[in-house]
Amino acid sequence: MIRSAFALIAGLAAAAVHAQSPYPAKTVRVVVPFPPVGAADLTARTINQKLSEAWGQQVIVENRPGAGGNIGAEYVAKATPDGYLLLMAPVTTYSVGMAAYTTLNWNLEKDLVPVAMGANIPHILVAHPALPVKTVRDVIALGKARPGELNFASQGQGTLSHLEQEMLMQMGGFKANHIPYKGSAPGLLDLIPGNVQLFFDSIPSSAPYVKSGKLKGIGVASSKRSPALPDTPALNESLPGFEADSWFGYMAPAGTPREVIVKFNAEVQKAIAGNDIKERLLAQGAIAQSGTPEQMAQQVKSDVAKWGKVVRTAGVKIEN
C-alpha cells in the first residue's frame with residue numbers, strides 16, 4: 001500500500017510538472033485543408049519552420065484536403081482545444097462558405113478562434129489577349145454590350161474566385177457566364193487558348209502568363225497592388241469599393257487557452273517580420289500580413305458579412 005501511495009504521489013507530481021511545462025511541450029500540428037504545394041500549404045510550411053526553430057519543437061503540416069477545405073476545418077473545429085492542433089485557414093474562403101454551403105457541421109465564428117494572420121495571396125483578373133479590354137471598366141462595358149456572352153472561369157463553385165466574379169457583376173450591373181473548374185490549372189488551360197475569356201485567379205499561378213504576354217492582366221483584386229506585378233493596377237483604383245483580399249491565417253478550436261493564442265501570435269508576428277520570411281513569401285506571390293488575434297477576429301466578422309451579402313444576392317447554394 002505504501003509503495004502504491006508513493007507511486008500515486010509520483011504520478012501526480014509528474015502530471016503537475018507536465019501541466020506547468022511551457023507551451024509547446026510537444027509537436028504542434030497545423031492542418032492545411034488543401035493538397036500539398038498549394039498557397040496555404042507553402043505559407044504554412046514557410047512560417048512553421050521559423051516556429052520550430054524558435055521553440056525547439058516541431059511545428060508540422062498535416063494535409064487534410066476535401067470539400068472545399070471543409071473537411072480539414074471541421075476536423076480542427078472539433079479537436080481538443082489545447083493548442084496542439086491548429087488550422088491554416090484561407091479565411092476568405094470560409095467566409096464565403098458560411099453563406100454558400102447549405103449545411104455545415106461547424107461554424108467559423110463559433111467553433112474556431114483567430115490566432116494569427118500569416119499572409120495575403122492576392123487574386124488577379126486576367127483576360128485572353130484577344131479580348132478587347134484593358135481595364136475593369138472596359139470589362140464592365142463589354143459585359144453590358146454583350147450580355148450573357150462572356151465566360152468567366154473560376155477555381156470552383158463557391159470559391160473566392162467565383163464570388164469575385166459575382167461581386168464584379170453586381171457592382172458593374174452586367175451578366176456573364178460562370179464556368180467552374182477544379183482549381184487554377186484547368187481554368188488556365190482553357191483560358192490561354194480562349195475557350196473562356198476571363199478568370200479571377202491567384203497571382204502565383206497567373207503571373208508568369210501575364211509577364212510572358214500569354215494573358216492580359218486587368219487588375220489585382222486585393223486592396224493594393226501586388227509587388228509581384230507592380231505595373232498592374234488594383235481594381236479599386238478605377239472601381240472604388242472592389243476589394244477581395246485573399247488572406248491566410250492560423251485558427252484554433254474554440255476554448256484554446258488565451259495564453260497559448262497570445263504566445264503563438266507573438267511568434268508568428270516575429271517570424272513574418274524577418275526579411276527572409278518576407279522574401280520567401282513574396283517569391284510565392286504572398287505578402288506577409290501581421291495582426292493581433294482581435295484584428296483577425298474583426299476581419300473574419302467583416303468578411304462573413306461582406307461575402308454573405310454577395311452570396312445571397314447571387315443566389316449561390318452549394319450542397320455538401
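Nothing fancy with the numbering, it's 1 onward along the sequence. All values below were derived from every heavy atom in this structure, side-chain atoms included, with hydrogens, water molecules and symmetry-related copies excluded. Please read these numbers as outputs of a predicted model, since none were measured by experiment.
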Here the gap from N120 atom CG to I203 atom CD1, rounded to the nearest 0.5 Å, amounts to 9.0 Å
Classify the angle between the aromatic ring planes of H162 and H178 as parallel (below 30°), tilted (30 to 60°) or perpendicular (above 60°).
parallel
Run the side-chain donor-acceptor check on residues 218-233: report pairs under 3.5 Å with partners two or more places apart or on a different chain.
| from | atom 1 | to | atom 2 | distance (Å) |
| --- | --- | --- | --- | --- |
| S222 | OG | K224 | O | 2.9 |
| S223 | OG | D245 | OD2 | 3.3 |
| R225 | NE | E237 | OE2 | 2.8 |
| R225 | NH1 | P230 | O | 3.1 |
| R225 | NH2 | E237 | OE1 | 3.0 |
| S226 | OG | A228 | N | 3.1 |

When rounded to the nearest 0.5 Å, the distance separating OG of S202 from CD of Q155 is 5.5 Å
Could you tell me if the side chain of T135 sits less than 4.5 Å from the side chain of L239, heavy atoms only? no
ask   = Considering only heavy atoms from C-beta outward, does the side chain of H128 approach that of I192 to under 4.5 Å?
value = no
Quiz item: What's the verdict on side-chain hydrogen bond (donor to acceptor under 3.5 Å, both in side chains) for T27 and Q58, showing C-alpha distance, side-chain angles and the deciding distance?
Solution: CA-CA 5 Å; T27 298; Q58 289 296 306; over 6 Å; no
The reported gap from CE in M169 to OG1 in T313 (rounded to nearest 0.5 angstrom) is 11.5 Å
Q. Is K216 reaching over with its side chain to a backbone N or O of K134, donor-acceptor style, under 3.5 angstrom?
A. no
Exercise. Answer yes or no: is there an ion pair linking R45 with D41, defined by an N-O contact shorter than 4.0 Å?
Key: yes
* Asked: N265 side chain to I261 main-chain N or O, any donor-acceptor pair under 3.5 Å?
  -> no
Between L235 and L150, is there a shared hydrophobic cluster once you connect ILVMFWY residues whose side-chain heavy atoms come closer than 4.5 Å? yes
*Are the side chain of Y84 and the backbone N or O of A25 linked by a donor-acceptor pair below 3.5 Å?*
yes
If we only count heavy atoms from C-beta on, is the L85 to T80 side-chain gap below 4.5 Å? no
Residue pairs meeting ring pair (Phe, Tyr, Trp, His ring centres under 6.0 Å), one or both in residues 193-225, sequence neighbours left out, come to F200-F242
- prompt: Is the closest side-chain heavy-atom distance between I287 and P122 below 4.5 Å?
  reply: yes
- Sidechain N-carboxylate O distance under 4.0 Å for K263, E259: no
Please evaluate residues F34 and N63 with respect to the criterion side-chain contact (heavy atoms from CB on, under 4.5 Å), reporting the C-alpha separation (whole Å), side-chain torsions for both, the decisive distance (0.1 Å), and the verdict. CA-CA 6 Å; F34 299 101; N63 297 95; 6.0 Å; no
message: Between E149 and R146 (side chain of the first, backbone of the second, donor and acceptor by atom type, cut-off under 3.5 Å), is there such a pair?
response: no
Common cluster, L142/I179, ILVMFWY with side-chain heavy-atom separation under 4.5 Å
no
| Is I272 reachable from I121 through a run of hydrophobic residues whose side-chain heavy atoms are each under 4.5 Å from the next? | yes
To the nearest 0.5 Å, atom CG of N48 lies from atom CD of E53 at 11.0 Å
Can you check ring-ring contact (aromatic ring centres under 6.0 Å, His included) on F264 and W55, steps first, answer last? CA-CA 10 Å; F264 202 103; W55 288 332; 5.5 Å; yes
Between T43 and A40, is there a donor-acceptor pair closer than 3.5 Å when you use the side chain of the first and the backbone of the second? no
Can you check whether M251 reaches M296 side chain to side chain, under 4.5 Å on heavy atoms? yes
* Begin from the C-alpha positions of Y94 and W106 and carry the test ring-ring contact (aromatic ring centres under 6.0 Å, His included) through to its verdict. => CA-CA 11 Å; Y94 291 134; W106 65 283; 5.2 Å; yes
- Could you go through the side-chain contact (heavy atoms from CB on, under 4.5 Å) check for V32 and R64 one step at a time? CA-CA 6 Å; V32 171; R64 284 181 174 263; over 6 Å; no
Correct closest heavy-atom pair for V126 and G217 would be CG1-CA, 4.4 Å
Test side-chain hydrogen bond (donor to acceptor under 3.5 Å, both in side chains) applied to D201 and Y181, step by step: CA-CA 11 Å; D201 187 31; Y181 294 86; over 6 Å; no
* Measure from the side-chain N and O atoms of S154 to the backbone N and O of G156, and report whether any donor-acceptor pair falls under 3.5 Å. => yes
On a heavy-atom basis, the closest approach of A116 and Q269 is CB-NE2, 3.8 Å
Output side-chain donor-acceptor pairs under 3.5 Å for residues 300-310, partner residues at least two apart or in another chain, one line each.
| from | atom 1 | to | atom 2 | distance (Å) |
| --- | --- | --- | --- | --- |
| D303 | OD1 | Q299 | NE2 | 3.1 |
| D303 | OD2 | W247 | NE1 | 3.0 |
| K306 | NZ | E243 | O | 2.1 |

Measuring only between side-chain heavy atoms, which start at C-beta, is L281 closer than 4.5 Å to T46?
yes
| Is there a donor-acceptor pair under 3.5 Å between the side chain of R29 and the backbone N or O of V59? | no
side-chain contact (heavy atoms from CB on, under 4.5 Å) between V268 and M117, worked out: CA-CA 8 Å; V268 170; M117 291 183 174; over 6 Å; no
Go through it in stages, so that I can follow the logic: the residues are R258 and E294, the test is salt bridge (Lys or Arg N to Asp or Glu O under 4.0 Å), and I'd like the CA-CA distance, side-chain angles, deciding distance and then a yes or no. CA-CA 12 Å; R258 174 66 182 171; E294 291 73 24; 2.7 Å; yes
### Query
So if you build clusters from Ile, Leu, Val, Met, Phe, Trp, Tyr with side-chain heavy-atom gaps below 4.5 Å, do V30 and V113 land together?
yes
Interatomic distance, CG@L87 vs CD@E74, rounded to 0.5 Å, equals 12.0 Å
Main chain of P253, side chain of T256: is a donor-acceptor contact present, judged purely on distance under 3.5 Å? yes
Practice task
Check whether any side-chain heavy atom of S205 lies under 4.5 Å from a side-chain heavy atom of L188, and answer yes or no.
Solution key: yes
### Task
Show your working on side-chain contact (heavy atoms from CB on, under 4.5 Å) between D111 and V76 and close with a plain yes or no.
CA-CA 9 Å; D111 299 329; V76 175; over 6 Å; no
Side chain N151, main chain Q197, donor-acceptor under 3.5 Å = no
Quiz item: Taking the side chain as C-beta and beyond, is there a heavy-atom pair between E164 and L160 under 4.5 Å?
Solution: yes
Closest non-hydrogen contact found for G213 with P129 is O-CG, 3.7 Å
So, the side chain of D190 versus the backbone of N195: is there a donor-acceptor pair under 3.5 Å, distance only?
-> no
Rounding to 0.5 Å, atoms OG (S52) and CD1 (I47) come to a distance of 12.0 Å
When hydrophobic residues are tied together by side-chain contacts of less than 4.5 Å, even through go-betweens, does F174 share a cluster with L198? yes
